[in-house]
Amino acid sequence: MRIETQNSELRRKNIRLAWILGGLALFFMLTSFPFWMNLLNVAGNLSR
Amino acid sequence: MSTTTMTHDEAHHHGAPTGWKRWLYSTNHKDIGTLYLLFALVMLFLGGASAMMIRAELFMPGIQLIDPDLYNNLVTNHALLMIFGAVMPAAAGLANWMIPLMIGAPDMALPRMNNLSFWILPAAATMLILSFVVPFFPGGGTQINTGWTIYPPLSVQVGMSMDFLIFAIHLLGVSSVLASINIIVTLLNMRAPGMTLMKMPMFCWTWLVTAFLLILVVPVLAGGVTMLLFDRHFGTSFFDAAGGGDPVLFQHLFWFFGHPEVYILLLPSIGVLSHVIPTFARKPLFGYRSMVGAMLAVATIGMVVWAHHQYTIGMSLGAVTYFMVGTILISIPVGLMVFNFIATMWRGAMTFETPMLFAVGIILMFTFGGLSGVMLAVVPADMQYHDSMFVVAHFHYVLMPGAVFGLFAGVFYWLPKWTGNMYDERLGKLFFWINVIGFNITFFPQHFLGLAGMPRRIIDYNVMFTEFNVLSSIGAMIFGLSHLLFLYIVIQTIRGGKSLKRSGAKSWEGAKGLEWEVDSPPAFHTWETAPQIK
């Protein structure tokens with residue numbers, strides 16, 4: 001059983017902000033840039 | 001399972017669900033807060049047991065009880081269990097319990113994600129403990145002998161237990177990021193009408209900053225350990241110099257996370273102090289705005305000084321100068337916070353109940369840890385102290401008072417609110433004194449050991465270090481066992497009984513804030529109608 005604690009507008013607002021923050025976290029992970037740089041190098045070496 | 005949605009009016013008579021489903025399926029911030037706190041308590045004892053084994057081994061020179069690999073494994077696990085298992089979940093437990101009560105919100109903004117954030121933790125803890133246990137089974141490989149920093153190339157060579165640890169770090173990271181998102185959304189979107197950001201309780205402010213720090217730095221650690229995993233199993237050379245990589249790169253990635261992590265551990269406890277000290281000094285917090293500013297400054301500068309952990313790797317003079325100056329600059333906002341706490345106490349009508357005893361102890365011991373931190377920030381001095389027991393003494397003086405004692409203060413401060421029972425004040429004070437004296441006997445001598453040249457993370461030591469090590473180990477046993485008294489006090493308070501006084505809605509005479517407007521213990525659902533803040 002769930003208690004209704006948020007109206008639909010607030011829920012939408014909450015979920016939107018959560019996605020933005022999740023995107024920020026993902027951005028920080030992916031821009032630990034050497035990961036991608038070296039992964040590209042590896043991919044390049046494999047295709048050679 | 002179908003979901004029934006109730007309106008506010010219907011919900012008034014809805015009590016707590018019963019049985020195991022109450023905890024497994026819980027979306028209630030108080031229940032999830034309790035789960036976090038219980039989890040942290042279990043991890044505190046596991047991490048403490050590994051610390052006591054380390055100190056038992058170091059009681060005398062020579063190899064006495066355990067082999068060197070197990071010693072290093074214990075050092076690694078002690079750190080990981082305490083940081084990721086005990087302190088962070090305990091702070092998250094306080095946040096879950098108190099933030100909605102403090103801002104007048106009925107619950108966290110994303111209650112089901114809150115459930116997920118917690119229930120990832122037991123899985124992560126299982127992986128973490130497996131990383132410790134697996135090497136004891138046939139084919140389990142070598143033990144994790146890297147320390148919590150898991151630097152390559154050693155961490156690339158460790159057996160499969162490192163894979164368990166990497167997976168555990170990923171899970172812990174996911175849990176932390178989800179919890180942080182939830183806390184930020186709650187604080188930004190769920191505050192009661194009229195509660196502007198600058199009217200928000202200081203504990204909420206500290207958690208807002210902490211949550212942002214977590215979102216910014218935990219993903220970088222996740223990236224780092226993912227690369228480590230690739231180096232171990234998929235033929236990449238991110239950290240392998242022979243393949244064109246650089247092991248120092250991992251150190252940068254690790255400490256980009258690791259240094260802000262110190263503030264992640266500290267700030268929630270600073271938030272607790274910001275409530276405890278005004279309550280028992282019976283004065284408003286001195287310099288609310290400057291506290292917020294100082295906290296933001298600590299977080300900002302703390303993000304860009306990570307390489308002071310790496311002075312000995314051979315950076316350029318310009319780089320080490322930058323990291324040294326930046327690190328010393330942090331002492332200004334931290335000093336401001338300490339000044340504000342002292343100014344709050346100044347001419348206050350102070351009483352010294354257990355939370356206040358911890359608060360005063362924190363100010364003294366944390367300042368001491370901060371001073372040894374300034375010593376370590378100075379490059380030429382650090383070259384001498386690096387990887388010595390001085391560093392161990394320093395970070396325990398920062399993290400035990402700064403983080404753990406702050407959490408103890410918070411538990412004693414809010415336990416009457418959570419349970420409806422006042423804890424036994426006499427036992428609380430006894431716990432404080434045994435705990436603090438045990439702590440100082442353990443770690444104060446380690447400064448001298450380090451200055452005299454005893455390295456850390458080594459199982460054996462020169463006989464010239466024996467006396468201080470004996471003292472430190474005796475202190476560690478007192479310190480470790482004192483936590484059994486803490487456990488007893490908590491259980492006694494939860495169970496209640498005739499010997500304990502009941503707590504009213506306002507457990508402390510000088511307490512102020514929305515959390516003291518609701519009953520003790522609070523109803524299962526609180527603030528279903530938002531309060532109006534003037």
Side-chain angles (χ1 to χ4, degrees), chain A, chain B residues 3-8 10-11 14 17 27-28 100 105-113 173 177-178 180-182 184-186 188-190 211-212 214-224 226-227 230-231 234-239 243-246 249 252-253 256-257 524-525 527-528:
Chain A
M1 195 146 36
R2 187 162 57 82
I3 304 295
E4 187 68 66
T5 55
Q6 300 169 23
N7 59 39
S8 59
E9 192 193 343
L10 180 58
R11 185 177 299 131
R12 245 197 325 272
K13 212 170 133 191
N14 287 343
I15 292 172
R16 190 175 58 213
L17 182 55
W19 275 114
I20 292 169
L21 292 167
L24 183 67
L26 195 65
F27 173 77
F28 261 71
M29 192 178 87
L30 300 185
T31 50
S32 43
F33 67 93
F35 177 75
W36 296 108
M37 188 184 72
N38 283 285
L39 206 61
L40 284 174
N41 285 344
V42 172
N45 292 339
L46 288 176
S47 63
R48 230 179 274 151
Chain B
T3 303
T4 310
T5 303
M6 299 172 75
T7 63
H8 288 182
E10 288 169 320
H14 170 60
T27 52
N28 181 286
D107 207 310
M108 299 294 281
L110 305 149
R112 278 178 272 193
M113 196 164 88
V177 169
L178 292 181
S180 301
I181 289 172
N182 210 346
I184 294 172
V185 176
T186 304
L188 294 185
N189 287 354
M190 302 282 286
F212 267 110
L214 275 163
I215 286 181
L216 296 181
V217 301
V218 166
V220 177
L221 176 70
T226 306
M227 287 181 241
F230 274 53
D231 270 13
F234 304 120
T236 56
S237 301
F238 294 115
F239 310 125
D246 186 355
L249 172 64
H252 283 292
L253 291 171
F256 185 82
F257 151 81
F524 192 61
H525 297 291
W527 298 129
E528 289 169 75

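Naming: A, B, ... by sequence-line order, numbering from 1 per chain. The structure presented is a predicted model; accordingly, all values stated were derived computationally and were not measured.
- Between the CD1 atom of A:Ile20 and the CD1 atom of B:Ile181 there is a distance of 11.0 Å, given to the nearest 0.5 Å.
- Nearest approach of A:Ala18 to B:Val185, heavy atoms of both residues: N-CG2, 3.8 Å.
- Atom-to-atom distance recorded for A:Met29:CE and B:Leu216:CG is 14.5 Å, nearest 0.5 angstrom.
- Between chain A and the options B:Ala105, B:Ala109, B:Gly224, B:Ala211, the largest number of non-hydrogen pairs under 4.5 Å is found for B:Ala109.
- Interface remark: B:Leu221 contributes no atoms to any contact with chain A (heavy atom separation under 4.5 Å).
- Atom CG of residue A:Leu21 and atom CD1 of residue B:Ile215 lie 4.5 Å apart, to the nearest 0.5 angstrom.
- Counting only heavy atoms from C-beta outward, the side chains of B:Met190 and A:Leu10 approach each other to under 4.5 Å.
- Going from atom CG of A:Leu17 over to atom CG of B:Leu110 covers 8.5 Å, rounded to the nearest 0.5 Å.
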